[in-house]
Protein chains: 2
Amino acid sequence: MKESLDLESIARKAGVSRSTVSRVINDSPNVSEQTRQRVLAIIEQENFHPNAAARALVKRRTDILGVVIPTSSNVFLSDNNYYPLILAGLNDAIRQLDYAMLMWLGEVTQDDQHLMRKLSNPHLTDGLIFVSLPSDHPLYAKLGRLRQPFVMIDRPFTDVESTNYVSVDNVRAAEIATEHLIRLGRRRIAHITGDMTITDAYDRLTGYKNALRAAGLPVDDSLIIESTFNRETGYYAMQRLLPHKPDALFAASDTVAAGALQAVLEAGLRVPDDLSIVGFDDVDVATQVTPPLTTVRQPIRAKGEAAARLLVDLVNHRVSAPQHVILPTELVIRRSCGATATTSREVMSAQ
Amino acid sequence: MKESLDLESIARKAGVSRSTVSRVINDSPNVSEQTRQRVLAIIEQENFHPNAAARALVKRRTDILGVVIPTSSNVFLSDNNYYPLILAGLNDAIRQLDYAMLMWLGEVTQDDQHLMRKLSNPHLTDGLIFVSLPSDHPLYAKLGRLRQPFVMIDRPFTDVESTNYVSVDNVRAAEIATEHLIRLGRRRIAHITGDMTITDAYDRLTGYKNALRAAGLPVDDSLIIESTFNRETGYYAMQRLLPHKPDALFAASDTVAAGALQAVLEAGLRVPDDLSIVGFDDVDVATQVTPPLTTVRQPIRAKGEAAARLLVDLVNHRVSAPQHVILPTELVIRRSCGATATTSREVMSAQ
DNA sequence: TGTCTATTTGAGAGCGCTCTCACTATACCA
DNA sequence: TGGTATAGTGAGAGCGCTCTCAAATAGACA
């Protein structure tokens, strides 16, 4: 099936040397147009493809970028299309930059020796992108020994300054979302967090607290419930929150907000009349629920693209580490918060 | 960053030959326990990783499988989590079999030379998996020249017999869904198709028509509308269908059904009283809408797993092509069809 | 103690490419 | 006409591994 066909055989057929064929393949300018055409014709005719391994061996680069999404496949699948959007962004940029994308999904356990080896093998990929690497992840410990450049999507927990990452200003965005609720007259604002091993969730909680304090409102622990980024936990979290009579909710993601909304509605309360809701992300579900969610829009796809671009720059030494890319967010007003949408949007640019 | 560290240097430090280090790395039994331990210690100490390219060059395999999802990223993202589920299945099996997954997402145009080259390069991946390759896709023409084994998820349009694929019996499943509606007394059953360049959509339409004919009902073209696998097109398709007074709908996917449901509700009709709905897939959205959807459940994740396993078997010559894997489906009765759920489930095994 | 077998080790070729260096052919100028 | 610059080409080494084959060593037995 994979019959042997190498530069040498193409060279023979074209009546040139291996070197010349190599030049043609690599678009070297030092080949006469005539020779180039002849060689190209033979290559096409023979359906020849240069051996990627041989090339990688001498060039010391594979033109492959590794993408690691260590999130449990449960979350990967359930948080609406947050991860698929990240993936689409990564994919688009990686393809455009003419790299290939090697992907690992799901949990990596300490004892997953094979995978760990592959991941840390500096000869398989030219660089790595980690999406939402949780603080308690075994890979965290290995990061230091990594022999290749890497970029994280979301702020890392440790070594923040020295690590390359792409994120949004979650703290400020959460402050703005919460301030919005406060401005609407809400005083008992609850918060359902995301997975607290992910900085996004951590920072949004911080922003929420900041805003309450700044407004002179108490931070009431009974109004804060930890969950993970999915609809179901959002639903149950809200059920537990309801007895404490919140008049608003800032949810760590739209999926969580959607689950919470359902719980509120089932309890016979009206949204936004009895309770305002603000989500985060602005993914599909935000507009598919009734009432549609006021939410903090973040450029999810662009996060993927930016991370891929940054990594390629790093691989090619076009920038020097560490780099921190902070993308802007925007508060999108819809019906779930109860704001009179005279100005339908409140724009915020973080950084 | 990638300092040169090869077998030779490890060998020197351990006082053995390159061959012996190679044996240790490849778990060859012909190494004394003592030597193995010594070499392993040095490898760990030096943080050594064998060069994948060099290994691939001589072994003529990369242990990488390519996954191609040529669907526009629009559909990839919008059809609920169908594609992410396929991806999760592929990922799990590929990881378990100790391969790595190279992924290409999104449309591939004819002139995307770079990508076409990479895809057909038999030295980069050991095999390829195509997910829902549309009939009009430029890759279709290249399939014959491919120098590596490949598996398709979903029945191919052409060369069905000679192609390796994993699918469900969409025709039979659609027949059962439609028969169910007929049995409930529905007579004007509409159908909203999926993307007709994908066999799934094509076969479901066939099954729908088969069932009508078998029951002696007319196949009314005004009750059939073509759409793509997403919520929005489902919504608009249903709006166009409504004037023709259907009393039931069989939708090509749950996402489509969800969009259609919204249109029905907005038109002031009741589901299932005025109109029964049956979807396909049984993804999250099926239970998130009100009323929850009666639908044909297909083992999406298992399709990915089966495809990966089959490909690995093919790569290792453990089975001979062509192989056709048909997975079972199941009609799941929920509230959208109006069936009295005495038996809450009607089980069907295709093949 | 020597012979035979089994186990463990090493030497060396070669996988298919790139890249440097040297060489040839052509063009240009004085 | 000779000298020099330049475009185009080829030879050959070497990237880091695996794998075959032969050699060395150890173990078993008479």
Side-chain angles (χ1 to χ4, degrees), chain A residues 2-40 42-43 46-64 117-118 121-126 147-148, chain B residues 1-40 42-43 46-64 117-118 121-126 147:
Chain A
K2 299 189 184 185
E3 78 231 23
S4 188
L5 198 57
D6 61 0
L7 280 190
E8 198 64 51
S9 66
I10 299 295
R12 261 198 308 278
K13 293 206 172 72
V16 294
S17 74
R18 188 160 27 93
S19 306
T20 298
V21 180
S22 174
R23 287 190 186 95
V24 171
I25 287 172
N26 292 289
D27 287 322
S28 158
N30 301 322
V31 185
S32 71
E33 195 48 35
Q34 187 189 357
T35 310
R36 177 188 307 280
Q37 291 307 333
R38 184 151 35 98
V39 171
L40 246 21
I42 306 277
I43 288 178
E46 303 286 318
N47 192 20
F48 168 77
H49 296 276
N51 185 311
R55 167 181 268 161
L57 179 55
V58 19
K59 297 194 94 160
R60 295 158 170 290
R61 39 164 71 222
T62 56
D63 293 339
I64 297 176
R117 295 208 83 81
K118 283 195 180 173
N121 192 325
H123 309 289
L124 185 53
T125 51
D126 291 343
R147 290 259 188 66
Q148 52 186 325
Chain B
M1 180 158 245
K2 301 190 184 180
E3 78 232 23
S4 188
L5 200 56
D6 61 1
L7 282 190
E8 198 65 51
S9 67
I10 299 295
R12 260 198 311 276
K13 292 205 172 73
V16 294
S17 74
R18 187 161 28 92
S19 306
T20 300
V21 179
S22 175
R23 288 191 185 93
V24 171
I25 287 173
N26 293 289
D27 287 321
S28 157
N30 302 321
V31 184
S32 71
E33 194 48 36
Q34 188 189 355
T35 310
R36 177 189 308 280
Q37 291 307 334
R38 186 152 32 97
V39 171
L40 247 21
I42 306 277
I43 287 177
E46 302 286 319
N47 191 20
F48 168 76
H49 296 275
N51 185 311
R55 168 181 268 161
L57 180 56
V58 19
K59 298 193 95 161
R60 297 161 166 288
R61 37 164 74 223
T62 56
D63 293 339
I64 297 178
R117 294 211 83 82
K118 282 194 181 172
N121 192 325
H123 310 288
L124 184 54
T125 50
D126 291 343
R147 291 259 186 66

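Because the structure is a prediction, the values reported are computed rather than measured. A, B, ... follow the sequence lines: proteins, then strands. Residue 1 opens every chain.
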Engineer: Please pick, from dT18(D), dC17(D), dC15(D), the nucleotide with the shortest atom-to-atom distance to any side-chain atom of Leu57(A).
Structural biologist: dC15(D)
Engineer: If you restrict it to nitrogen or oxygen atoms, what contacts under 3.5 Å exist between nucleotides 22-26 of chain C and the protein, and what is each distance?
Structural biologist:
none

Engineer: So, OP1 or OP2 of dT9(D): does either fall under 4.0 Å of a side-chain N or O from Thr35(A)?
Structural biologist: yes
Engineer: Are Asn26(A) and dT18(C) close enough that a side-chain N or O sits under 4.0 Å from OP1 or OP2?
Structural biologist: yes
Engineer: What residues form a salt bridge (charged side-chain N to carboxylate O under 4.0 Å, His left out) with Arg12(B), not counting sequence neighbours?
Structural biologist: none
Engineer: Does atom CD (Gln34(B)) have a neighbourhood of more than 12 heavy atoms from anything else shown, all under 6.0 Å?
Structural biologist: no
Engineer: Quickly work out the Arg36(A) CZ to dG8(D) P distance and round it to whole Å.
Structural biologist: 9 Å
Engineer: Nearest to the side chain of Ser32(B) - dC17(C), dT9(C), dC17(D)?
Structural biologist: dT9(C)
Engineer: Output all residues satisfying salt bridge (charged side-chain N to carboxylate O under 4.0 Å, His left out) with Arg18(A), sequence neighbours left out; order by chain, then residue number.
Structural biologist: Glu8(A)
Engineer: State, to the nearest 10°, the angle formed by the axis through the first five base pairs of the helix from dT1(C)-dA30(D) to dA30(C)-dT1(D) and the axis through its last five.
Structural biologist: 40°
Engineer: For Arg147(A) and Asn47(B), indicate whether the former's side chain and the latter's backbone hold a donor-acceptor pair under 3.5 Å.
Structural biologist: yes
Engineer: Can you figure out which of dG16(C), dT9(C), dC17(D) approaches the side chain of Arg55(B) most closely?
Structural biologist: dC17(D)
Engineer: Name all residues meeting the salt bridge (charged side-chain N to carboxylate O under 4.0 Å, His left out) criterion together with Arg38(A); count only those two or more places apart in sequence or in a different chain, and write none if there are none.
Structural biologist: none
Engineer: Looking at DNA chain D, which of residues 11-21 of chain B put a heavy atom within less than 4.0 Å of it?
Structural biologist: Arg18(B), Ser19(B)
Engineer: Under 4.0 Å between a side-chain N or O of Asn30(B) and OP1 or OP2 of dT9(C)?
Structural biologist: no
